[in-house]
Amino acid sequence: MLTGAIAGPVFTSPPVGSIVAAIRAVAEAGAEGVLLIVKNYTGDRLNFGLALERARGEGTKVEMVIIGDDCAFSLPKKAGRRGLCGTVLIHKIAGALAEEGKSLNEILHFVQSAATRIGTLGVSLSPCTVPGSGPTFKLAPDELELGLGIHGEAGVRRDKMKSSDDVVKVMIDHMTDPSSQSRVDLSSGDTVILVVNNLGGLSCLELQIVASSAVHCLEGRGVKIERAMVGSFMTALEMSGVSLTIMKCTPELLHLYDRETSAPAWPRISHFPVTGQTRILQCVPETTTYEEPKADTMSVQVYSRVLGCVCAALLALEEELNDLDRAAGDGDCGSTHARAAQAIQNWVNSQQIPSNPAKLLMALSQVLLEKMGGTSGALYSLFLIAAARPLQSACGPQAWASAMEDGIEAMKRFGGAEPGDRTMLDPLCAAAAVLQSLRIPGCDLMQIVSSAAQRAMEAAESTRHMIAGAGRASYIGSSSLNRPDPGAIAVAAILKAIKEGLDPGFVSSP
């Protein structure tokens, strides 16, 4: 790529003396000639032009190419189009030509032609700040600036905040507008190299979202993307913005772009087209509907009553659980459980509840996995899947005791927590210990269930005295955790609601 680069003050052309010194250094190293690649700004043209004339006066063979790839202005001013991130592609192409041994004039003419195939447009959610001074322009929180430059100057228009897909569509529409003299002539069937450039302050996540939008937008117009590069290539300090560069491709340009380079900041890019690599595989959707040839009406009624009690309890606890969660989490434990309750209510109201207990737990597992979200959703889903196994072949009291055990073991195995770690496992394990009495023939089932719910609540309350050993709370100092764990309180409330929803006729049935 480049043999030398000359730095000036922030957003200012480098001084002529520095440019001349760089030309001399390259010439003295044995270069056959020197090509100056200059972005189209008045100060750069003047200073590099002066340096070129001085170097030629010293007998050095020097040429200059001026790059203007800005698509912002439909009618460019007398100064012409500004030089933006497309200049980086010229660096790569010119460097590859030099490595192939092309003459200075051959390189000059080739890159002058290549530059006409490039267009760039920037958009930003914020200005940048030159060290020692204020922001270069002002934007409202719900605005974005279209067509700005790389020196903090404002753009050509402002829009209201839009989604990434909509912003990218606006950008590409502007870049390819047939009425614009700065357009990129892009038609269906054309092949391009795409550059998605971070103007300085975007996160990797935001940049990749914009890149995805750009790929989909171009492919939707029938354009084939031969290569795409995403990263920070030409920035404007901390500006929270992005620019898109499109270069219409030819086989020769693609060959030069793909040539190996030792330039450390050049990304490792696959030498395969982006377009055509995506495969869409249709997956069989998970179902929460289970058909039964002959449903047990009494069981369905009891399950419906129990689920109604559980949902009502969780919805009533939403604010209390959120308040408890603010001490050690992100304050959404109650909202997460309320979301689960609403999902269960919608599921119950939309179809027939299975009377088979294993099918019921499997269906609830899928509902929570899809709708509850977060770690809690995964843990509850895991518990229910494991608990369903013993109930596939039996549904008596002993099977429910085994179901509780298996569900807890799955949570411990995959969640990494143990009793005493100040988690939802504490009330679950306390209740499970009591429920082992269900294995005794002739036991008082309702009394055991009631006792299990009471022990669960006591265990949940005791978590206020525990040091967190797992979950997000384990990263918080123990002195800050003087209230019960919200997940434990939620589990205790669920077990209490199950007790209230059951009746002796159901729990004594086989």
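In this chain, numbering begins with 1 at the start of the sequence shown. These figures come from a predicted structure and were not determined experimentally.
A salt bridge between Asp69 and Arg82 is absent, with no side-chain N of the basic residue lying under 4.0 Å from a carboxylate O of the acidic one. Ion pairing between Arg221 and Glu219 fails under the 4.0 Å rule for side-chain N and carboxylate O. Salt-bridge annotation for Glu99 and Arg259: absent, with no side-chain N of the basic residue lying under 4.0 Å from a carboxylate O of the acidic one. Between Asp165 and Lys169, none of the side-chain N atoms (NZ, or NE/NH1/NH2) sits under 4.0 Å from a carboxylate O, so this pair counts as no salt bridge. A salt bridge links Glu63 with Arg56; the closest basic N to acidic carboxylate O contact falls under 4.0 Å. Salt-bridge formation is detected for the pair Arg24/Glu58: a Lys NZ or Arg NE/NH1/NH2 atom is positioned less than 4.0 Å from an Asp or Glu carboxylate oxygen. With respect to Asp142 and Lys160, a salt bridge is recorded, a charged nitrogen being found less than 4.0 Å from a carboxylate O.
In this structure, Ser126 contributes its side chain and Ser240 its backbone to a donor-acceptor pair below 3.5 Å. The main-chain N or O of Ala114 is never found under 3.5 Å from a side-chain atom of Arg117 such that the two would form a donor-acceptor pair. Side-chain atoms of Asp421 do not come within 3.5 Å of backbone N or O of Thr423 as any donor-acceptor pair. Side chain of Thr12 to backbone of Val10: a donor-acceptor contact under 3.5 angstrom is found. In terms of modelled atom types and a separation under 3.5 Å, the side chain of Asn322 and the main chain of Ser335 share a donor-acceptor contact. Looking only at distances, no side-chain donor or acceptor of Tyr257 sits under 3.5 Å from a matching main-chain atom of Lys92. Formation of a donor-acceptor pair under 3.5 Å by the Asp190 side chain with backbone atoms of Ser187 is found in this model.
Side-chain contact check for Thr120 and Ser243: no donor-acceptor pair (N or O, by modelled atom type) lies under 3.5 Å. For Ser163 and Asp166, the side-chain atoms include at least one donor-acceptor pair closer than 3.5 Å. Residues Asn40 and Arg81 have side chains that never bring a donor and an acceptor to within less than 3.5 angstrom of each other. Using modelled atom types, one finds no donor on one side chain facing an acceptor on the other under 3.5 Å when comparing Glu226 with His271. With 3.5 Å as the limit, one finds no donor-acceptor pair spanning the side chains of Ser103 and Glu32.
What you find for Thr336 and Gly373 is that their closest heavy atoms are CG2-O, 4.0 Å.
Atoms CG and CG, from Leu425 and Leu428 in turn, are 6.0 Å apart once rounded to the nearest 0.5 Å.
Between Tyr380 and His337, the ring center distance clears the sub-6.0 Å criterion.
Screening Asn197, Leu89, Val196 against Thr245 for a side-chain contact (heavy atoms from CB on, under 4.5 Å) leaves a single residue, Leu89.
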